[in-house]
Amino acid sequence: MLYLLKLGELMLKKGNRRHFEQVLRRNIRLVLPKCKIQLSNGRFYLSSDEPGLSEEYVEERLATLPGIMGFAPVYSCAKSDKAIVAMVRQLAQSQVERYGPQSSFRVHVRRTDKSLPRDSQAYAVWLGSVVLEQFPQLKVRMERPDWSLKLELRDRAYLYHRERKGVGGLPVGTGGRGLLLLSGGIDSPVAGYLMACRGMCLEAVYFDTPPFTTDAAYDKVLRLTARLARWAGSGGKAANPPGVNCREQSLLLHRVPFTEVQLALRKHVSPAAMTLQSRACMVKLAEDLGRSERPGRESQALISGEALGQVASQTIENLSYTNSFARTPILRPLIGFDKEQIIGLSRQMGCFEISIEPHVDCCSYFAPARPVTQANIPELEAELLRVPGLEALMETALAKVETVAVPAFRETGK
Ligand SMILES: Nc1ncnc2c1ncn2[C@@H]1O[C@H](COP(=O)(O)OP(=O)(O)OP(=O)(O)O)[C@@H](O)[C@H]1O
């Protein structure tokens, strides 16, 4: 099996392109350890002789790896006319068996080796006539043919007839480290996906409020984390904090026991500010968690699934209030998205059906009927300071955090 990988945005990097390529190579190795990777002329080639390795298995992983714009299973041969003709004839034969002797086709050629005797167009015309000689009833069609053959003339000749899109973006591990606030809802997994596709190495944190939330709600968060790990989990060893040595494609999920904090807030803050004050505590805890016990490997940003105006608590005043609890930036990649766009991405990720399962999360349980929409920052800060023992409750919560590495593909039994 041989695949040609197209790198897209990576190719635009100038001085540090090698670094990006190395990170991508490391990520591919983690995800597909049984494949060999070779880099030549701005293309990666992935090959394997492993008998049990199916195309479906390989493609499922390549399709979710940030940094890969597209990929195609290819045949390759030397650049001699004789070898190319034999390879074209063989692939044309299989396409005619599939689409019929009267189907339409085109040949597309790219040539990076300028020392060859023909230019790309002349190669395409010549190979088109080779195919027509073999199957005279075929029709040549440039626009939307039934099938096409694509030939790339590089160090060798590479021929393919189908190509799949990847997610593009940049390889995980080239964009710093972020801690995603992951609830069981629709938005936060999508926010994590977008940041992973910009190369950010992620971990996730979930604030759990038993008995107001159930084990089923946590299980839902685990399944969402597994899904997200398909895109974000390729940071592998680089994503491990000290003491964890996970070599699988996986994502670390921290579960913070948040009940005591929520109960103290419910007793001492105004009902209308409940959501906002608990979000502020989450931000503070997440930031402390992202810094704790990991010198040199701290989270450099928090990530949240908030979108401006999506719910009453997500106004610009309220976002400014929660910002004031973090020294690191809070990234909100969905800030300008509407719900339909978010749902579209969530479906694409295979998260939507999980996210809409009906489980109560901590915020909806404690949510006020009429939340504060225009945070008065000094008043709210003063109110939070008056909650007795809040600091100690937060420290206890941090001391009891449970961390698991959630593998990307185990949920499907693969
Ligand atoms: N229990 C939680 N654990 C971790 N993060 C949370 C939790 N609840 C909320 N968040 C974070 O706060 C953001 C805003 O949450 P909120 O409930 O207001 O919005 P939402 O639109 O329901 O978001 P989502 O669909 O991600 O739950 C979430 O996107 C998430 O990043």
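Atoms within a ligand are numbered from 1 in the order they appear, just like the ligands themselves. Only a predicted model underlies this, so the values are computations on that prediction, with no experimental measurement involved. Heads up: numbering here begins at 1 and tracks the sequence.
The ligand atoms of ligand 1 that sit less than 4.0 angstrom from a heavy atom of Ile186 are 25 (O). Close approach of ligand 1 to Gln314 is summarised as follows: ligand atoms under 4.0 Å from at least one heavy atom of the residue are 14 (C), 16 (P), 18 (O), 19 (O), 21 (O). The distance from ligand 1 to the heavy atoms of Leu181 drops below 4.0 Å at these ligand atoms: 4 (C), 5 (N), 11 (C), 30 (C), 31 (O). Applying the 4.0 Å criterion to heavy atoms of Gly185 picks out, from ligand 1, the atoms 24 (P), 25 (O), 27 (O). Those atoms of ligand 1 that come under 4.0 Å of a heavy atom in Val205, given as number and element, are 4 (C).
Taking only nitrogen or oxygen atoms, main chain and side chain alike, Lys339 does not reach within less than 3.5 Å of ligand 1. Annotation: Met282 places no N or O atom under 3.5 Å from an N or O atom of ligand 1; distance criterion only. Of the polar atoms of Pro189, none of the N or O atoms is found under 3.5 Å from an N or O of ligand 1, judged by distance alone.
A salt bridge between Arg198 and Glu9 is present, with a side-chain N of the basic residue lying under 4.0 Å from a carboxylate O of the acidic one.
Listed by chain and residue number, nothing satisfies the side-chain hydrogen bond (donor to acceptor under 3.5 Å, both in side chains) test with Glu340 (two or more places apart in sequence, or in another chain).
Pairs engaging residues 344-356 under the side-chain hydrogen bond (donor to acceptor under 3.5 Å, both in side chains) rule: none recorded [sequence neighbours left out].
Between Glu306 and Ser304, the side chains place a donor N or O and an acceptor N or O closer than 3.5 Å (distance only, hydrogens not considered). Using modelled atom types, one finds no donor on one side chain facing an acceptor on the other under 3.5 Å when comparing Thr315 with Thr373.
With a 4.0 Å cut-off on non-hydrogen atoms, Thr275 does not touch ligand 1 at all.
Arg255 forms a cation-pi arrangement with Tyr218, by the criterion of a distance under 6.0 Å to the ring centre and an angle within 45° of the ring axis.
Enclosure of atom CZ in Arg162 by more than 12 non-hydrogen atoms of other residues, nucleotides or ligands within 6.0 angstrom is indicated.
Ring centers of Tyr158 and Tyr45: under 6.0 Å apart, within the cut-off.
The residue among Leu182, Thr322, Asp187, Leu180 with a heavy atom at the shortest distance from atom 25 (O) of ligand 1 is Asp187. The closest heavy-atom contact to atom 18 (O) of ligand 1, among the options Arg279, His254, Arg255, comes from Arg279.
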